[in-house]
Amino acid sequence: VRRITSAPVARTKEQKVRRRPDTELIVLARGGSQDAAEVLFDRYWTHAWRSAYAVTADRALADDAAQGAITKAFASLRRFDETRPFGPWLKRITVNCAIDLLRRGSRLEVLEDEGTTFHAWAVGESAEEDLRLWAVADAVAALGAAKRIVVVLHYWLDLPLEEIAGALGLPVGTVASRLARAKADLRAVLEEEHVV
Amino acid sequence: MSSELERMLRRARETLRDPDDAATRRAREAALGAVTRRRLHLRSPLALGVALAAAIAVGIGLGSLMAPSGSAAQEPAGIGFLPESGWFVVQSATEVTPERPAHAIASNVPLSPDDGGSIVPYSTLLSLPPDGIVLVANFTVAGVIGYSVPLASRKLPLRLTEAEPWIEYSGEIRPARPLGQYQLRAAVNGYAVDLHVYFGTRRPSSSLFAAAQDQLDRLVVVPDDVRPTNARPSGSSAPAMSLSFQAETVDRTFRCAPTTLGGLRSVDVQVIPSGTREQYVQHPSPGFAGVASTGAWEPRSELVSIRARGWRRFGTTHSPQGVYASTRRCGPSRTRVPLSAMGLPGPPVQWEQSASCLTGGRVLVRVRAVLRSPAPWRRAGDAYVGARSNVIKAALAIRSERTGKPIAYIELDTAGKTKLWHSSVCT
């Protein structure tokens, strides 16, 4: 009888934890709640991985960068000010980890023409619209690391130019001009393919 | 224009891939472990020691993870396993000669540094977790080693279901926690391939088998005759394989909606071997395989096709070699479609053939092609996407989406020869 009744109770408890806001999950995880830490992981892991993948354009590097970042973030939960949003903090750590990883492999300037494919092949509502978006993602992937990173940080991860400049250790003007050149390249490719 | 470009740029992030299960599992363990370690660290000096030990262990794990996945994933493969995220692949040599065999290993766990260069990765196998998989393929020139039983000639991809659940001349590697061990020997493209598959558990689940088969689908054995002539060793008649070109495998599954004809949906499956003069276009075919909406003789009726043949696709007689899919009738799908003739009556048709198949609805089409060089998947004309590159070989499987039953299976080999199996719904 206990077994029959305990399952719904456990589910309800899990559902309650899943509904808690980040702030409470962080406090609970600090206090030793494995459930809270797991919910926090589930909530942010995909975002972190996608951010790392956008920067590295390489699944293996993205695995390493995202894992490193989320591990670092979880290890630092005690120092984190829970009144601030967790997502942007993790995103910044992830971007830094990804850039570090590229730098360590001296791949920041040479990742070109690797046939990177960013997009997933999920079934969408409109194949035509999917194709347009994939064409854009393919064009971004083909930019080469220097321009691609600026584009994905700005347009995919919503980082302002000043923050990108800080992450890459470049003057803001350099970032702005690199972004402008990247957009010009993209426009040329996408116009030729009748995407925009 | 700029705002349209920026809008598309921002929306393109929606298409980004997701992490795979193996990476998620590893990250979950590391992240949750980090919280636990921190807690232990604060409670006692003893716990600090435990936490440090765990941190060192994770650090070593991370280090070993990064090395193989970061480097091997970039390697081209003319022999061995193509890299895939979540898998670690290594290969011993770039050439196979009578004097020097080669081997390739694929593993879904990091390979132990102690196994460097070893044909059997014992250290990795001794610590293989229950969901671990290791595939070892040994390559020799056919006929050099006399096997007790003549090797059957097989096409790629090799089927794990045809493997024997034991390994000759090998005892149980881990008697305390027995592994699942399987062996398949075959003659493939002029080479003897001795494949050993190890699972971390004696009775692997169907999902583990499927994962192993997926990696086995990425085994490449490029025949000697498609290797660039300038890469052949001079003054030697011995077959040798080379990595001097970057073979790439395209493996996509599509969900396609054939046009209706008289209220019914059906598709034409068609194969035209190399050299055949096509009936309506007087050009010798380079070898073609495809599936199209039935009866639609107008351009753009092709759904998915392999190799060059443009008149149905672009309204012209020639188009570059490659793999193509209609953007108007097909969308990508994640449904798993086996690349096999299983469930279809044989023997296959080996000459030019077109058969119409009633589908009763949408079809799933999986195409797998080994391309001579990496090719981006991009727009081709206004109604197709394609990877344009010389096709070394390919296979295409068609299933009913509604019933899941196989409709047809096509193979196109390096010489441009074709084989077609189709079900009784095709006439």
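In what follows, every chain begins at residue 1, and chains take the letters A, B, ... in the order their sequences are listed.
The salt bridge (Lys or Arg N to Asp or Glu O under 4.0 Å) check on A/R92 picks up A/E163, with sequence neighbours excluded. For B/D214, the salt bridge (Lys or Arg N to Asp or Glu O under 4.0 Å) partners at least two apart in sequence or on another chain are B/R336.
Neither the backbone nor the side chain of A/L40 has a heavy atom closer than 4.5 Å to any heavy atom of chain B. Only the side chain of A/L190 comes within contact range of chain B, judged by heavy atoms closer than 4.5 Å.
In terms of heavy-atom pairs under 4.5 Å with chain A, the best-connected choice from B/A23, B/A27, B/P19 is B/P19. Between chain B and the residues A/D63, A/I70, A/V151, the most heavy-atom pairs under 4.5 angstrom are made by A/D63.
Using a 30° and 60° split on the angle between ring planes, A/W89 and A/F80 fall in the parallel class, below 30°. Taking the six-membered ring where tryptophan is involved, the planes of A/Y44 and A/H47 are tilted, since the angle between them lies from 30° to 60°.
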